[in-house]
Structures are given as C-alpha cells and as structure tokens.
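Following: one structure in structure tokens, then a few remarks.
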Number of protein chains: 2
Amino acid sequence: MTQPIPASPQDSPFARKLTAFVTLSQNDLSVMSDLYRRRRKFAVGIDIIHQGQTDQSAYVLASGWACSYKILRSGGRQIVDFQIPGDFLGLRSVLFRTSDHNVEPVTPVRASEVTQGELLDAFSRTPRLAAAVLWAASRDEAMVVEHLVNLGRRTAIERMAHFLLELNARLRLVGMADKSGFLCPLSQYLLADALGLSAVHVNRVLRELREEGLVTFQKGRVTFDNYDDLVTLAMFDRAYLDHDGPLLA
Amino acid sequence: MTQPIPASPQDSPFARKLTAFVTLSQNDLSVMSDLYRRRRKFAVGIDIIHQGQTDQSAYVLASGWACSYKILRSGGRQIVDFQIPGDFLGLRSVLFRTSDHNVEPVTPVRASEVTQGELLDAFSRTPRLAAAVLWAASRDEAMVVEHLVNLGRRTAIERMAHFLLELNARLRLVGMADKSGFLCPLSQYLLADALGLSAVHVNRVLRELREEGLVTFQKGRVTFDNYDDLVTLAMFDRAYLDHDGPLLA
DNA sequence: CGGTAGATTGATGTACCTCAAAAGCTGTGG
DNA sequence: CCACAGCTTTTGAGGTACATCAATCTACCG
C-alpha cells in the first residue's frame with residue numbers, strides 16, 4: 001500500500017509532489033537534491049520548531065508525520081495542520097524571524113534542514129523551483145482556509161469525513177495512499193486536537209462512520225468502504241487542492 | 001475617532017501599515033503610489049472577486065470594509081477574514097490562476113486595482129517593497145491561523161472578545177481606532193458567519209459582554225469598557241500581529 | 001508481569017442551535 | 001408626513017450536538 005521512501009532525491013516525496021503540478025527540468029531536480037544533504041532525525045516528543053524561537057531553519061519532511069499547532073493559555077491546543085513526506089516544515093519561520101507556532105513529530109521523523117541562505121540560493125539558480133515552492137506554500141494556505149471552514153461550519157461527522165478525504169488526496173500525491181485507503185499513525189487525541197473535538201467524541205464519530213459503512217479507521221489504517229457517499233457527506237470538493245501551477249513558472 | 005482617508009498615497013492606509021514594520025524610502029513610496037492609479041468603486045452586494053474565476057486582478061483597499069468567504073454546498077457560509085483599508089484583496093488570486101474564495105464589500109468600497117504585471121514590476125524596482133508586501137501576506141496568514149484556533153478551541157464569548165481585540169489592533173495600525181474603541185459596520189449576521197455561531201447567539205454573547213462591563217457594541221460602534229479584563233478573558237496575545245519584519249529587507 | 005497509552009462505552013451536563021415572534025431603524029413611495 | 005416593507009436587533013422556549021467525568025478494556029513495552 002504505502003510506498004517505501006526512495007533513496008534517490010529524483011524520486012523523493014518532495015519531487016513527486018512538485019512535479020505533479022510544475023514541470024521540472026533535470027537541472028531543477030539536481031538543484032533540489034542539494035537541499036537534501038543535511039538530513040536530521042527527530043524522535044517523538046521533541047519539538048522540531050517552537051513558538052517564539054528566532055532564526056530557525058526550515059525542513060523538508062523525508063519520512064514520518066509531523067503536526068504544527070498552537071498552545072492556548074487555557075492549556076488546550078489546536079493542531080493547525082499535519083505534515084506528511086514532501087511537505088515543508090516552518091517555511092514561514094525561515095522567511096520571517098520568529099515562529100508563531102510549534103511543530104512536533106507524530107512519528108519518528110527524518111527531515112532535511114534548509115537554511116534561509118540555501119533556499120534563496122536555490123531559488124536564484126532555478127526560478128522554476130521557486131515557483132514550485134511558492135505553489136506549495138499557497139496550497140498549504142488553501143488547506144488552512146479549508147480547515148477553518150471545517151471548524152466553523154461543519155458537524156463533527158462531516159469534519160472527520162472531510163479530514164480523512166483531504167488526507168487521502170494529499171497522501172496519494174506522494175504515493176502513500178490509493179483510493180482504497182492509507183496507513184495512518186494519528187491517535188484519536190491528535191484527531192481531536194485537529195478537529196476541535198474531544199477525544200471521546202472522535203471515537204463515537206469514527207464508530208458511526210464505520211457502522212454507516214462509509215469508512216473504517218482501525219489499527220492504524222483508514223479504509224474507505226464507500227468513497228462516493230463519504231464525499232457526499234463531507235461535501236468534499238477537491239478544487240482547493242488542485243489549483244493550477246503559478247503563472248510565474 | 002476614526003480618521004478620514006488621506007488623499008496622498010504617502011499617507012494612505014496601505015503606506016501607514018507597511019511603514020509601521022518596514023522602513024520605506026521616498027523612492028519606495030513613490031513606486032507604491034503608482035499602484036494607486038486605477039481606483040475602482042464597488043457597491044455592497046457585488047462580488048469583488050469570486051471563487052473559480054481565473055486571471056483576476058488584486059486590489060488594495062482604499063476605503064470601506066470587505067470580507068473574504070467560502071460558501072458551503074449545504075448553503076451556509078464561513079467568513080475567513082475581514083479586510084480594512086490598507087489590506088490586500090485577492091493577493092493569492094493574482095499570484096496563482098484561480099481564486100478559491102469570494103470577496104465582497106461590507107460597506108461601499110474604493111479599491112485600487114493592481115494587475116500581476118504591475119505588482120511584479122514594482123517588486124523588481126524596489127525589493128524593499130516586495131519584502132514589505134511579503135510581510136503583509138505572512139501576517140494575513142498568521143491571522144487566518146489564529147482565527148482557526150479561535151474556532152477550534154475557544155468558547156463563543158472568548159471568540160467574540162478575541163475577534164474584537166484583533167480588529168482593534170489592526171485598525172489602530174491604520175489610524176482608524178484607539179484604545180477606547182472603533183466604528184464597526186459589521187452586522188450580527190456577519191459576525192456569526194465569521195465566528196461560526198448563529199446570529200441569535202452572537203446577540204446573546206454581545207449582551208453578556210456588555211452586562212459584564214467589558215465591551216459595548218451598539219449602533220455601529222465598539223467601545224471597550226474594560227480593556228484589560230477583556231484581554232484576559234480572550235487570552236489575547238498580540239505576538240502574532242507584531243512579528244518582526246522580513247529578513248529579506 | 002505490572003505499567004502506561006490508547007480505544008471504547010455509559011451517564012450526565014451544557015453551550016449552542018433552531019424556531020418563533022416582537023420591536024427598533026431606515027429607506028421608499030404615495 | 002405617514003404607511004409600509006425590509007433589514008437588524010432583541011428576547012423566549014425548547015431541542016441537540018457536543019463536552020466532561022468516569023470506568024473498563026486492550027495493546028504494547030520494558
């Protein structure tokens with residue numbers, strides 16, 4: 001089902017995602033592979049990026065899952081987004097001085113560190129790569145907006161359905177899912193913090209989706225039992241994920 | 001209380017906002033004033049930008065208020081953000097081909113049209129201006145993230161308090177508010193669509209805030225009766241609005 | 001084998017919604 | 001100047017989707 005992470009940068013999740021929307025030359029790809037040199041590992045429980053810290057590096061996620069979140073003074077937390085292989089971590093933190101959110105691993109993570117200098121250098125060498133990264137950043141923002149709509153105007157069941165469908169669409173881009181489902185390391189506590197629900201209610205919602213024959217999330221695997229009806233329930237419209245490449249390319 | 005919109009671009013809300021965080025030279029300011037040439041008016045009820053449309057212009061809001069939103073298939077809508085004088089409308093729509101959201105005026109709007117070409121041209125002439133606009137875009141994104149946290153993890157009262165405080169901070173940057181309050185043209189229906197509540201509940205929340213002696217929103221004016229306690233209630237931390245200017249400057 | 005983290009289920013409480021209706025304001029035409 | 005329509009605000013009554021608290025159960029791990 002899920003593919004192993006390839007050793008060659010030409011077929012990394014990052015490359016796979018970008019080339020799905022912007023054609024990249026051999027030269028673009030080789031510049032990109034330079035960004036893959038300083039590989040670091042992060043264990044679960046150790047923040048990769050944290051709020052208020054200045055002059056951070058950014059990272060490209062090579063393997064594992066992470067999440068970005070904010071802590072409330074009341075103690076609760078809200079997960080803003082999950083990151084999967086091929087995603088940037090902390091792109092905003094490197095363009096600007098201080099980070100306004102935290103990023104932590106959900107599973108053990110391997111990620112390539114990219115400093116601000118390296119990023120700008122790569123951009124000047126291949127404008128197409130810059131355009132592709134800009135496209136990726138805009139897509140991230142579109143996902144945050146859709147997440148906001150999710151929290152503001154959908155019921156718990158619709159939220160969960162929408163979330164699982166979006167995740168599936170994203171994972172397919174990097175070859176880690178197909179129409180039947182995907183492996184998913186997220187606990188019900190993480191789902192709760194992302195969807196603005198309690199963990200108890202997440203459990204009940206998953207049970208209902210299962211009993212309705214729509215989708216099954218058990219033992220770390222999401223299986224779509226009735227994809228079309230799930231799309232209808234979630235009012236899932238993937239236009240926001242598919243927008244065309246940047247004009248600048 | 002609220003200042004009249006100045007005629008000179010050097011003291012426009014746009015300039016005022018950007019110069020609060022990035023020092024701009026006389027040359028930067030004059031390039032910027034070129035962006036102010038094609039002034040257009042929009043009446044309430046007529047979309048400025050709409051979802052799915054391609055090759056849009058962007059605008060800089062000169063006077064009036066607008067809001068960006070998404071419509072759900074179920075009929076409801078979620079307001080993502082309000083725009084006040086000095087804000088960009090549809091910056092993402094011009095960097096990329098199609099818009100994934102709508103923008104409509106809340107009051108009659110005057111806005112300056114900026115095409116993609118003009119924007120890129122201005123950027124190449126003054127990198128500092130590009131940096132300043134990038135800073136503004138990043139601040140917008142930070143506001144969307146905070147809005148998401150608001151919807152996911154705060155109660156209705158906290159949400160409303162946080163929203164009014166954020167709006168006050170933004171309006172102060174362009175001289176349209178002070179610590180005592182501001183003029184606010186938003187109906188309770190608009191507040192409801194922004195905060196993920198029903199209009200009825202918005203009304204009750206506003207009454208409670210008034211009766212607690214925290215803030216009064218009546219007859220188009222927001223008055224802070226006890227600013228400090230309101231900040232405490234909302235857990236308002238304005239760090240996400242104040243982050244430092246871009247490193248690129 | 002005990003300890004810990006996650007999943008599951010039940011009982012109860014509450015924050016918010018929906019429906020309904022009245023009252024204030026604003027503009028429009030007669 | 002009044003009558004009326006249309007929006008917005010306000011208030012009440014009743015329903016529901018969610019949270020909270022608490023307990024049990026499982027899986028995993030040293």
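Naming: A, B, ... by sequence-line order, numbering from 1 per chain. Scope of the values below: all heavy atoms of this structure, side chains included, with no hydrogens, waters or symmetry mates.
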Looking at every strand, decide which applies to [X] at a 4.0 Å heavy-atom threshold: base, sugar-phosphate, or nothing.
| X | answer |
| --- | --- |
| B:Ser187 | sugar-phosphate |
| A:Leu206 | nothing |
| A:Arg207 | sugar-phosphate |
| A:Gly220 | nothing |

Euclidean distance, atom [atom1] of residue [X] to atom [atom2] of [N] [Å, nearest integer]:
| X | N | atom1 | atom2 | result |
| --- | --- | --- | --- | --- |
| B:Leu195 | C:dC16 | CG | P | 11 Å |
| A:Gln188 | D:dC25 | CD | C1' | 14 Å |
| B:Leu191 | D:dT9 | CG | P | 8 Å |
| B:Ile157 | C:dA15 | CD1 | P | 10 Å |
| A:Arg204 | D:dT16 | CZ | P | 17 Å |
| B:Leu151 | C:dC16 | CG | P | 12 Å |
| A:Arg210 | C:dT9 | CZ | C1' | 12 Å |
| B:His201 | D:dT9 | NE2 | C1' | 16 Å |

Which of these nucleotides, [options], is closest to any side-chain atom of [X]?
| X | options | value |
| --- | --- | --- |
| B:Thr155 | C:dA20, C:dG10, C:dC16 | C:dC16 |
| B:Tyr189 | D:dT9, C:dT18, D:dC18 | D:dT9 |
| A:Leu197 | D:dC18, C:dC16, C:dT18 | D:dC18 |

Pairwise 5' ranking along DNA chain D for A:Lys219 and A:Arg154, keeping only the more 5' one: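 Result: A:Arg154.
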If we only count heavy atoms from C-beta on, is the A:Phe163 to A:Phe236 side-chain gap below 4.5 Å?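 With C-beta onward as the side chain, the pair stays apart.
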Under a 4.5 Å cut-off applied to non-hydrogen side-chain atoms, are A:Arg238 and A:Glu166 in contact? no
Would you say the side chains of B:Ser68 and B:Asp81 form a donor-acceptor pair under 3.5 Å? no
Would you say the side-chain atoms of B:Gln51 and B:Ser99 include a donor-acceptor pair closer than 3.5 Å?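 No, no side-chain donor-acceptor pair sits under 3.5 Å.
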Can you tell me if A:Asn203 touches the phosphate of C:dA7, counting only side-chain N or O atoms and a distance under 4.0 Å to OP1 or OP2?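 Checking C:dA7 against A:Asn203, no side-chain N or O comes under 4.0 Å of OP1 or OP2.
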May I ask you to evaluate whether B:Gln218 reaches the phosphate of D:dT9, defined as a side-chain N or O under 4.0 Å from OP1 or OP2? no
Hey, is the main chain of A:Ser112 close enough, under 3.5 Å, to the side chain of A:Arg38 for a donor-acceptor pair?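 Answer holds: no.
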